[in-house]
Amino acid sequence: MSNQMIYGMEMNIHQRDEHTIQVYVLNVKEGKKPHHVTTIEHSSKHPERTKANGAPYARVHDNLFHVLKEQLVKEGKWEKGKGDS
């Protein structure tokens, strides 16, 4: 089985607010503008809300949120209180 990993892909992450990170991927074949792939939310964005079956919303990924937030903090790109109302 050959390696299915894509190497050299450029990914950009951006803090939207205190609870939300947006992920962009640059198309490696075309090299054009970044494509907004997904938005990752922390469960604290919807503290009292879940789906009818009790599951969190689809964009809630606390583990991945923490990994990406750590990268933004390391690079000085995380702003505390950004977007809080």
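Atoms considered below: every heavy atom in the structure, side chains included; atoms not considered: hydrogens, waters and symmetry mates.
Remark: the backbone N or O of T20 is not paired with any side-chain donor or acceptor of E41 at under 3.5 angstrom. Of the possible donor and acceptor atoms, none in the side chain of N12 sits under 3.5 Å from a partner among the backbone N and O of Y24.
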- Apply the test side chain to side chain contact (heavy atoms under 4.5 Å, CB included) to residues I13 and Q71: give CA-CA distance (whole Å), side-chain angles for both, the deciding distance (0.1 Å), then the verdict. CA-CA 9 Å; I13 56 177; Q71 296 303 309; 4.1 Å; yes
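The shortest heavy-atom contact between I40 and F65 is O-CD1, 3.8 Å. Across all non-hydrogen atoms, the minimal contact from E18 to W78 is O-CZ2, 3.5 Å. The two atoms that bring S44 and H19 nearest to each other are OG-ND1, 2.8 Å, heavy atoms only.
To the nearest 0.5 Å, atom NE2 of residue H61 and atom OG1 of residue T39 are 10.0 Å apart. Remark: L68 CG to L64 CG distance equals 4.5 Å, nearest 0.5 Å. Between the NZ atom in K77 and the NE2 atom in H14 there is a gap of 11.0 Å [rounded to 0.5 Å].
The shortest distance between side-chain heavy atoms of I21 and R16 does not fall below 4.5 Å.
Note: H66 and H42 meet the aromatic proximity criterion, with ring centroids under 6.0 Å apart.
Hydrophobic clustering (side-chain heavy atoms under 4.5 Å, transitive across Ile, Leu, Val, Met, Phe, Trp, Tyr) keeps V25 apart from V67.
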